[in-house]
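A short write-up of the structure that comes next.
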Protein chains: 2
Amino acid sequence: MKKENLSNTHNDIKKLLKKHNLKMTPQRAAIYNEIVGSKEHPATVKIFKKVREVFPNISFDTVNRTLSTFVDIGLIKSVEYSGESRRFDPNTKKHHHFICVKCGRIIDFESREFDNLNIPEDIKKRYEVLEYKVTIEGICDRCKK
Amino acid sequence: MKKENLSNTHNDIKKLLKKHNLKMTPQRAAIYNEIVGSKEHPATVKIFKKVREVFPNISFDTVNRTLSTFVDIGLIKSVEYSGESRRFDPNTKKHHHFICVKCGRIIDFESREFDNLNIPEDIKKRYEVLEYKVTIEGICDRCKK
DNA sequence: CTACAATTAGGAATCATTCTTATTTAAGAT
DNA sequence: ATCTTAAATAAGAATGATTCCTAATTGTAG
Ligand SMILES: [Mn+2]
Ligand SMILES: [Mn+2]
Ligand SMILES: [Zn+2]
Ligand SMILES: [Zn+2]
């Protein structure tokens, strides 16, 4: 196994940070490592607890602020769902969400159709469209019992 | 002008409350009157301030709890957008939202196409779908300067 | 009118997020 | 390797939204 394989993600994030005049720090690396593989769209507190296992002194603020920074530079995304804490998504490719109204689980799904909707003309004319997504609400398999 | 016209909304909400074994109260009527015509998807605090002009002693808790009750019985809807306070929508007909990422304005729009999307088969198979909507993010006319 | 259960006001508590400040650190320059 | 300096961090306070608690009030059935 080559050395590069072990430091790939580290170099990737470092490059992106540099592009935005931000420094690479061990805290940022640890936070990135924690979220990059996750599929559950974790909230800050969840990431905080995990990172604490490696960095016993890291503060909640640092984790939360770092996640906001990552969103700002496009490394991750923030998932919209009101009434709860912010949740984060390492998957920045276009995709859509099924949200369980019982347990709050957020599940990714893909759809060619949904990826290519025709934004209404009057919306495109009046506003600047950045992105769009389809959100399905319902009850997940686990909660259906 | 007939008497029924003046008490129509009052009777409507009373009927719906009764169906859910809830009592009609002056506070609930005032809160309903405040949100029913609004197009701005107001947050609790906005509704609270308005209702206070009529009911100087009403508590924030009552307004907030009542709005939750209204959502529960389907009188209004809660609008999803994380990182901010809950916002409410008196429009329960199927429609979609444009959200301005700069000022947080939430704007309704209609689309026959968006109202009739084909939910992916594997989603329908695995989960119980209750509803779905398209959310467009972008920059509104005001914020474009 | 009376009794009972639901609803409310007010304040405390909780939870997420942001701010403040002193200290530490990353990274470019020597 | 050391110095320099702006950026980043830890810790705790502050803020904001929401929920909880409890005693008092109110709506409605009988
Ligand atoms: Mn996702
Ligand atoms: Mn709406
Ligand atoms: Zn579920
Ligand atoms: Zn705007």
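In the text below, chain A, chain B and the rest are named by the order of the sequence lines, each starting its count at 1.
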*Grab the NZ-P distance between B:K46 and D:dG16 for me, whole Å please.*
16 Å
*Rounded interatomic separation in angstrom, taking CZ from B:F60 and P from D:dA17*: 7 Å
_Closest nucleotide among D:dA11, D:dC20, D:dT9 to the A:D61 side chain_ = D:dA11
*Are A:P120 and B:F114 close enough that some pair of their side-chain heavy atoms sits under 4.5 Å apart?*
yes
*Let me know, please, whether A:S68 or B:V63 comes out on the 5' side of the other along DNA chain C by nearest nucleotide.*
B:V63
*asked:* Does D:dT9 have OP1 or OP2 under 4.0 Å away from a side-chain N or O of A:T62?
replied: no
*Could you give the CZ-to-C1' distance, from B:F48 to D:dT18, as a whole number of Å?*
13 Å
*Which is true for A:N21 with a 4.0 Å heavy-atom rule: it touches a base, it touches only sugar-phosphate, or it touches nothing?*
nothing
_Between B:D108 and B:H41, do the side chains contain a donor N or O and an acceptor N or O under 3.5 Å apart?_
yes
*Let me know the distance between CZ of B:F55 and P of D:dT26, rounded to the nearest Å.*
10 Å
*Using modelled atom types only, decide if a donor and an acceptor are shared between the side chain of A:R126 and the backbone of B:C140 within a distance under 3.5 Å.*
no
*Closer to the 5' end of DNA chain D via nearest nucleotide, is it A:T66 or B:T44?*
A:T66
*To the nearest Å, how far apart are B:L17 CG and D:dT28 C1'?*
14 Å
*Send over the distance from B:F88 CZ to D:dA17 P, rounded to a whole Å.*
13 Å
*Hey, do the aromatic rings of A:F48 and A:F60 have their centres closer than 6.0 Å?*
yes
*For atom CZ of B:R65 and atom P of D:dC21, their distance in whole Å*: 13 Å
*Assign a letter to each nucleotide of nucleotides 22-30 of chain C from its 5' end: B, base within under 4.0 Å of a protein heavy atom; S, sugar-phosphate only; -, no contact.*
----BSS--
*Nucleotide C:dA16, atom P - distance to CZ of B:R86 in whole Å*: 15 Å
_If you apply the rule side chain to side chain contact (heavy atoms under 4.5 Å, CB included), what do you find for B:I31 with B:F55, and how did you get there?_
CA-CA 10 Å; B:I31 292 163; B:F55 258 83; over 6 Å; no
*Side-chain donor or acceptor of A:N64 under 3.5 Å from a matching atom on the base of C:dA16?*
no
*N/O donor-acceptor pair under 3.5 Å between A:R28 side chain and A:K23 backbone*: yes
*asked:* Just by distance, no angles: are the side chains of A:D72 and A:H20 close enough, under 3.5 Å, to form a donor-acceptor pair?
replied: no
